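Notes to accompany the following structure.
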Amino acid sequence: LFCGVWFDLFFALVEVLAGWAKLRWIQGTVMTALLCANYVLCFLLEPCRLYLGYAGNLGEKVPELFLFVFLCLGCIAILVTQLAMGSFLEEL
């Protein structure tokens, strides 16, 4: 957990710096919406996902572990969608 928390804090800092750099060149509402989705993932879902994994693992609680896996799959789905949308929007 200790390593995961420090990694998430570092990732959040990198995400903010990358978002600041992207906003200088991004045009359009779709790309701005994708950037906002990244911030939601980084600052809202990731701490919840970390807590659920920690609590479910230590307490051997199945509902928390299920929610942890569900949030992992949701985060992966959002990131894959963003990658597909980014390559699709570049072609336009």
Side-chain angles (χ1 to χ4, degrees):
L1 176 70
F2 183 74
C3 181
V5 169
W6 282 109
F7 176 75
D8 280 347
L9 289 175
F10 175 72
F11 182 72
L13 176 68
V14 169
E15 184 76 26
V16 168
L17 291 175
W20 173 76
K22 286 178 186 179
L23 278 177
R24 296 174 63 189
W25 291 287
I26 287 179
Q27 300 295 326
T29 57
V30 175
M31 293 305 284
T32 305
L34 290 177
L35 186 63
C36 291
N38 277 338
Y39 285 135
V40 167
L41 272 175
C42 185
F43 295 114
L44 293 180
L45 290 181
E46 190 64 25
C48 294
R49 189 186 70 83
L50 253 178
Y51 170 75
L52 287 171
Y54 179 71
N57 194 20
L58 285 182
E60 296 179 357
K61 299 175 184 173
V62 174
E64 281 85 354
L65 286 174
F66 174 74
L67 287 174
F68 170 75
V69 171
F70 184 71
L71 281 177
C72 288
L73 294 176
C75 291
I76 290 171
I78 290 172
L79 292 175
V80 167
T81 303
Q82 288 178 355
L83 288 173
M85 290 279 295
S87 63
F88 174 71
L89 291 175
E90 286 178 3
E91 293 175 2
L92 296 177

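These numbers come from a predicted model, not from an experiment.
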**Hydrophobic cluster identity match, Phe70 and Leu52, side-chain contacts under 4.5 Å** = no

**Fill in**
Going by chain and number, the hydrophobic cluster around Val62 (ILVMFWY, side chain to side chain under 4.5 Å) further includes none

**Fill in**
What one should report as the nearest heavy-atom pair of Leu65 and Asn57 is CD2-N, 3.8 Å

**Message:** Distance check, rounded to the nearest 0.5 Å: Leu50 atom CG versus Phe7 atom CZ?
**Reply:** 10.5 Å

**Message:** Under the salt bridge (charged side-chain N to carboxylate O under 4.0 Å, His left out) definition, can you give me all pairs with a residue in residues 48-74, not counting sequence neighbours?
**Reply:** Glu46-Arg49

**Item:** Euclidean distance, Phe68 CZ relative to Leu73 CG, rounded to 0.5 Å
**Value:** 10.0 Å

**Prompt:** How many angstroms lie between CG in Leu71 and CZ in Phe66, if you round to the nearest 0.5 Å?
**Reply:** 10.0 Å

